[in-house]
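Structure first, commentary second.
Convention: sequence-line order gives letters A, B, ...; per-chain numbering from 1. Remember, it's a predicted structure, so these values are computed and weren't measured experimentally.
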Amino acid sequence: MIRMNSKTLAFLALLLSAVSCSRICHTPPASPTSLNLPFSVLDTRQAGLFERYPNVQPADAAIFWANSLDQSQRVEYAGGTRVVIKVETDHKWQAVGAVTAIHGNEPDASSAQQFNTQVVWSKDAASHFRKLRHWSEHWALLHPGQYGYQENRDGNPFLGMVVLFNESPKDPDNVDGQFHIGFRSLFGHYEAENGDIGDKSNYQLYKCWYGPIPGFEP
Amino acid sequence: MPIVALAIWASLQALQAQADIQTTVRAFLQAWYVDKKLDDLKSFVAKDNGFSLQQTPSSNRPSTSRAADPLNTLFRGAFPPPKVGERSASPPKSLNEAIEYPPAKNPSARAAPGVIVTNEFAIYPAEALPKGSYLPIKKPAGNDPVADFLYHLTQAYKGKLYVVLYTVKGAGMLQETAVTYWIQENGAWKLAAFMGTNW
C-alpha cells in the first residue's frame with residue numbers, strides 16, 4: 001500500500017482540481033440555488049450603479065430589484081456588470097457611468113436585442129477597452145451606428161465579453177452603448193440563448209472564465 | 001524584367017481568385033437563401049470543414065439533430081417555421097431581398113486591398129480583417145475546437161482564406177449576421193465554416 005502524508009494528498013488534490021478545470025471547466029456547484037437572485041449578491045459598485053437605474057430610488061433599490069426585474073434580467077445584470085467592473089478594477093480605470101436598461105430573455109425581441117446591458121460609458125472607456133491585451137475590434141453589423149471591442153476568450157473570436165459604443169453620441173462625455181457576453185462554441189446558427197448567462201451550460205463556462213456569481217446556480 | 005512579369009502574373013492570379021470567389025459565394029448564397037436547393041449545397045462545402053466538430057464537455061448544450069447531419073441542420077435552420085399564430089411570410093425572390101451587407105463601420109478595412117463589397121455581402125481576405133476579430137492571432141492555448149479549427153485555417157490556407165460577411169434580413173428567415181470562412185481546396189473555393197452571430 002502506498003502511504004502519503006497530508007501535504008502530498010493536498011498537493012495531489014489541488015493538481016487534480018486544476019487539471020479538471022483546465023480541461024472541462026468544472027467548478028464545484030454553488031451551495032444555494034436561487035430562483036430569485038437577491039440584491040445582496042451585488043457588490044458595492046454594482047449596487048451603487050443599480051441605485052441610479054431608471055425609476056429606482058436608492059432606498060428602495062432592493063425592492064425594485066426583487067419586484068420589477070425578472071430572473072433573467074437579474075442574472076444578466078449581476079453576471080455582466082461584475083465582469084466589466086473586474087476589468088475596470090484590474091486596470092485602474094472606470095468605464096461604466098450608468099446602467100440604463102437590462103435586457104434578459106425577451107422572446108418577442110430579435111436575438112441581437114436580448115441578453116445585454118445598456119449603459120452610459122465614460123468618455124475614455126472605448127480607448128481603454130481598445131488597449132486591452134487579447135481584445136480586438138468588433139464589427140457590429142446588426143447594431144447600426146455602433147462600434148466596439150471583443151474579449152476573444154480562450155483565443156476564440158466568438159467567446160467572451162463584447163462592448164459596444166455609439167459612434168456619434170449626443171454627449172461625447174457620456175457615450176451610450178451596451179455590453180454582453182457570448183458563449184457560443186460551435187459552428188451553426190445564432191440563438192438568443194448563446195448570450196444567456198443563466199443558461200445551465202453557459203453558466204458552467206461563465207464560472208470557469210469569471211468565477212461564480214455568489215449564491216447563483218441555474 | 002522577369003521580376004516585373006512575375007509581379008504582374010501574381011496580381012493577375014489574385015484578381016482571378018477574387019473573381020472566382022465572388023462568383024462561387026454568390027452562387028452558394030443564391031442556391032441557399034433564394035432557390036432553396038438545399039440538396040445542392042453540400043457540393044460547396046470543403047472537405048476540410050468545421051461542421052462536424054464535437055462540443056467540449058464544458059458546453060454540453062443538447063444538440064441531437066446536429067449529431068445526425070450538421071449540414072442539413074445548418075441549411076434547413078435558415079428557415080425556421082413560423083411561430084404559432086404567425087402567417088408564413090413570402091420568401092425572398094432575389095438575393096438582395098434575403099441578405100445585405102450594411103455600410104461598413106470601418107472605412108479603412110473597406111478600402112483594403114482585395115476586399116470586395118457588394119450590396120449583399122462583403123468578401124475579406126483574412127489578412128485584411130482586424131487582427132483577432134474573426135480569426136485567432138496565435139495558437140489557442142485552451143481546449144476549444146472552434147478556435148483550434150479557425151487557427152488551423154490561418155496556418156493551412158495562407159493567402160487562400162477569405163471571410164464573407166452579411167446579415168440575413170429576408171422574411172421568414174433566421175435573422176443573424178453570418179460569418180463564413182472560405183478556403184481554396186484543389187483550386188476551387190469551398191465553404192469551411194459558418195458562424196451565425198448577433199454582431
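For Leu74(B), the parts lying under 4.5 angstrom from a heavy atom of chain A are both the backbone and the side chain. For Leu135(B), the part lying near chain A is the backbone, with the side chain staying farther off; criterion is any non-hydrogen pair under 4.5 Å. The contact between Leu159(A) and chain B is made entirely by side chain atoms (from C-beta outward), counting heavy-atom distances below 4.5 Å. Using a 4.5 Å cut-off between heavy atoms, Tyr181(B) contacts chain A through its side chain alone, with no backbone atom that close. Neither the backbone nor the side chain of Val168(B) comes within less than 4.5 Å of any heavy atom in chain A. For Lys169(B), no part sits under 4.5 Å from any heavy atom of chain A, backbone or side chain.
The minimum heavy-atom distance between Leu150(B) and Tyr134(B), with the atom names listed, is CD1-O, 4.0 Å. Contact record, Glu137(A) with Tyr149(A): CA-CD2, 3.9 Å, taken as the closest heavy-atom pair.
The candidate from Thr197(B), Asp148(B), Thr167(B), Asn49(B) with the greatest count of non-hydrogen atom pairs under 4.5 Å with chain A is Thr197(B). Among Ala78(B), Gly132(B), Gly50(B), Pro140(B), the residue with the largest count of heavy-atom pairs under 4.5 Å with chain A is Gly132(B). Among Gly155(A), Ala192(A), Ser136(A), the residue with the largest count of heavy-atom pairs under 4.5 Å with chain B is Ser136(A). Ranked by heavy-atom pairs under 4.5 Å with chain A, the first of Ala141(B), Ser133(B), Ala193(B) is Ser133(B). Between chain B and the residues Gln114(A), Gln113(A), His180(A), the largest count of heavy-atom pairs under 4.5 Å involves His180(A).
Residues Asn36(A) and Arg74(A) bring a donor and an acceptor atom of their side chains to less than 3.5 Å of each other. Counted by atom type alone, His134(A) and Glu151(A) present zero donor-acceptor pairs between their side chains at under 3.5 Å.
Between Arg26(B) and Glu120(B) there is a salt bridge, with a side-chain nitrogen of the basic residue lying less than 4.0 Å from a carboxylate oxygen of the acidic one. Contact check on Arg45(A) versus Glu88(A) returns a salt bridge, with a Lys/Arg side-chain nitrogen under 4.0 Å from an Asp/Glu carboxylate oxygen.
The ring pair (Phe, Tyr, Trp, His ring centres under 6.0 Å) with Tyr77(A) is formed by just one residue from the set Phe50(A), Phe216(A), Tyr53(A), Phe64(A); it is Phe50(A). Of the listed residues (Tyr101(B), Trp199(B), Tyr124(B)), just one forms a ring pair (Phe, Tyr, Trp, His ring centres under 6.0 Å) with Trp139(A), and that residue is Tyr124(B).
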